[in-house]
S.K.: 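First, the structure itself, so that you have it in front of you.
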Amino acid sequence: MSLDHFMYFDYQASTPVDPRVLEVMLPWFTENYVNPHASYNFFKNKAFDAIEEARNQVANLIAADSKEIIFTSGATESNNLAIVGAVNFLKSSGKNKTHIITCATEHKCVLEAFAFLKSTGIDITILPVLPDGLLDLNLLSNSITEKTGLVSIMSANNEIGSIQPIKEIGELCQKHGIIFHTDAVQAVGKMTMDVNDMYIDLLSISGHKIYASKGIGALYVRRKPRIRLQPLFHGGGQERGMRSGTLATSLCIGLGKACFLAKTELEANKLHLNNLTQRLLKKLMDNISDIQLNGSLQKRIPGNLNFSIKNRNGALFLEKLSKELIFSTGSACASADVEPSHVLKAIGCPNQLARASFRLSIGQFTTLEEIDKASEKIISLFSELKN
């Protein structure tokens, strides 16, 4: 069944490829398909040059230098390379930095990377968050020890949209000489990210969250002062030895174009998302008493709304709603998990409400008509399910 039969409200799980992104990708599948890493005596390797231009476009989005961008297969690889790669280098260098910190609402790939490092003898701290999903900076500060080598905190949460105080966390890490990594997958393209202003050492990006394709991502790795990583796998030494393997030219170029568009259209897209988000929020809150907004109302990325259903048959409501809307009942990466969302549990949402929660995420192609139709459908379903 085509997605055309549904209203799409799951942009935080995956965005469609922007037609302008697809347009620049297509020629690299059929017209210039050479290996971008190959050397030719009489042929200028345009694929290599195009990838370097894309690298520059990714860097510009976060105010970095192009030499600080490593292409990866996506957010999971970027996060693992940043966290495991940094910790392994610290271990191999003989530095007594055997403690790392994150928080309970991180993406599963970050939490699993921490769990893996714990199994290797690393001491990990997973901090709780406040009811709005934000991290208590005093708690973070008090958790730092002389052995702390890395802090990893997500810029904006993928389920409840809460924006963490990234600059303040970065300043704190710099003060203590700690590597600071942020999973910025949901933040880039929705808010200004400046790695220097925010004191970020490592930053993860995913293509299919910003209207590029799946299978491509990037990791920012600071050069001054230089952050060193131990690679996760080995090969031909591409990406300065940090991520070997032949790059997919078309995917890299698509990510570059998506980052260029995200930067140039940032303010227009923020205005569009904010207007639609506020309209949908107002309609639902004004007409439904038994609905609870999860996460911070003020410190929230545009386009994210996460609700829990109170005093209703949540499972029946979500089943009926799914016949017309595509949305998420939690993290897309945990869709096979029958347990309540770990993010909602971390902010104190009871299991019953957590299981009866849903996320509506809006994107640049969402229309005013879709907002009004979706709100009407949700309000109507709540009326049908009155006790």
Side-chain angles (χ1 to χ4, degrees), residues 62 64 68 70 72 74-91 95 97-129 133-137 139-145 147-160 162-188 193 195 198-206 209 217-222 225 227-230 232 242 331 333 342-343 346:
I62 57 173
E68 298 174 308
I70 302 297
T72 69
T76 295
E77 184 185 347
S78 292
N79 286 336
N80 274 268
L81 178 57
I83 296 166
V84 179
V87 171
N88 283 345
F89 182 83
L90 289 173
K91 288 169 63 177
K95 295 181 179 179
K97 297 290 185 178
T98 56
H99 175 236
I100 57 178
I101 301 173
T102 190
C103 72
T105 53
E106 292 295 307
H107 192 277
K108 284 288 188 178
C109 66
V110 169
L111 295 175
E112 289 300 318
F114 268 66
F116 165 73
L117 288 170
K118 182 179 180 180
S119 73
T120 69
I122 296 295
D123 181 22
I124 72 170
T125 295
I126 300 178
L127 298 174
V129 294
L134 299 180
L135 185 64
D136 183 335
L137 288 173
L139 179 60
L140 173 59
S141 180
N142 292 335
S143 301
I144 291 173
T145 73
K147 293 185 177 182
T148 305
L150 177 136
V151 168
S152 178
I153 301 295
M154 183 183 286
S155 296
N157 189 266
N158 56 305
E159 293 192 39
I160 58 174
S162 298
I163 300 172
Q164 298 290 359
I166 294 300
K167 183 174 181 176
E168 290 79 1
I169 295 171
E171 286 179 315
L172 182 63
C173 289
Q174 186 191 58
K175 175 183 176 182
H176 291 277
I178 297 168
I179 297 172
F180 176 42
H181 164 253
T182 185
D183 175 349
V185 164
Q186 299 292 347
V188 292
M193 297 296 297
V195 292
M198 295 176 167
Y199 306 97
I200 297 168
D201 297 309
L202 299 162
L203 179 147
S204 302
I205 294 173
S206 175
K209 310 296 187 181
L219 176 66
Y220 158 77
V221 184
R222 179 176 291 281
I227 302 300
R228 296 181 180 273
L229 305 176
Q230 192 172 100
L232 300 182
M242 281 186 269
S331 172
C333 296
H342 73 282
V343 172

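Nothing fancy with the numbering, it's 1 onward along the sequence. Just the heavy atoms: all of them, side chains too, but no hydrogens, waters or symmetry mates, feed the values below.
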S.K.: Could you pull out the closest heavy-atom pair between Ala75 and Val185, with the gap in Å?
M.R.: CB-CG2, 3.4 Å
S.K.: Measure from the side-chain N and O atoms of Asp201 to the backbone N and O of Ile227, and report whether any donor-acceptor pair falls under 3.5 Å.
M.R.: no
S.K.: Does any part of the side chain of Lys209, heavy atoms only, come nearer than 4.5 Å to the side chain of Gln186, both counted from C-beta?
M.R.: yes
S.K.: If you define the side chain from C-beta out and look only at heavy atoms, does anything of Ile178 sit under 4.5 Å from Leu172?
M.R.: no
S.K.: Going by heavy atoms in the side chains, are Asn79 and Glu106 under 4.5 Å from each other?
M.R.: no
S.K.: Can you measure from SG (Cys103) to CE (Met154) and round to the nearest 0.5 angstrom?
M.R.: 7.5 Å
S.K.: How many angstroms lie between atom CZ of Phe180 and atom CD1 of Ile101, to the nearest 0.5 angstrom?
M.R.: 11.5 Å
S.K.: Considering only heavy atoms from C-beta outward, does the side chain of Leu90 approach that of Ile179 to under 4.5 Å?
M.R.: yes
S.K.: Kindly compute the distance separating CD1 (Ile122) from NZ (Lys97), expressed to the nearest 0.5 Å.
M.R.: 12.0 Å
S.K.: Do the non-hydrogen side-chain atoms of Thr182 and Leu202 ever get within less than 4.5 Å of each other?
M.R.: no
S.K.: Quick check: do Val87 and Phe116 have side-chain heavy atoms less than 4.5 Å from each other?
M.R.: no
S.K.: In Å, rounded to the nearest 0.5 Å, how long is the span from NE2 of His176 to OG1 of Thr145?
M.R.: 10.5 Å
S.K.: Tell me the closest heavy-atom pair linking Tyr220 and Ile200, and the distance in Å.
M.R.: CE2-O, 3.3 Å
S.K.: May I ask you to check whether His181 and Ser204 show a side-chain donor-acceptor distance below 3.5 Å?
M.R.: yes
S.K.: What distance do Ile169 atom CD1 and Leu140 atom CG have between them, rounded to the nearest 0.5 Å?
M.R.: 6.0 Å
S.K.: Measure across Ser162 and Gly133 and return the closest heavy-atom pair with its distance rounded to 0.1 Å.
M.R.: OG-CA, 4.1 Å
S.K.: Give me the atom names and distance for the closest heavy-atom approach of Ser143 to His99.
M.R.: O-CE1, 3.3 Å
S.K.: To check you understand the geometry: which heavy-atom pair defines the closest contact between Cys173 and Val151, and what is its length?
M.R.: SG-CB, 3.7 Å
S.K.: Out of curiosity, Ile153 CD1 to Thr102 OG1, how far, rounded to the nearest 0.5 Å?
M.R.: 4.5 Å
S.K.: Any side-chain heavy atom of Ile70 sitting closer than 4.5 Å to one from Leu229?
M.R.: no
S.K.: Looking only at heavy atoms, what is the nearest atom pair of Leu111 and Ala104, with distance?
M.R.: CD1-O, 4.0 Å
S.K.: Would you indicate whether the side-chain heavy atoms of Leu232 and Val84 approach each other to under 4.5 Å?
M.R.: yes
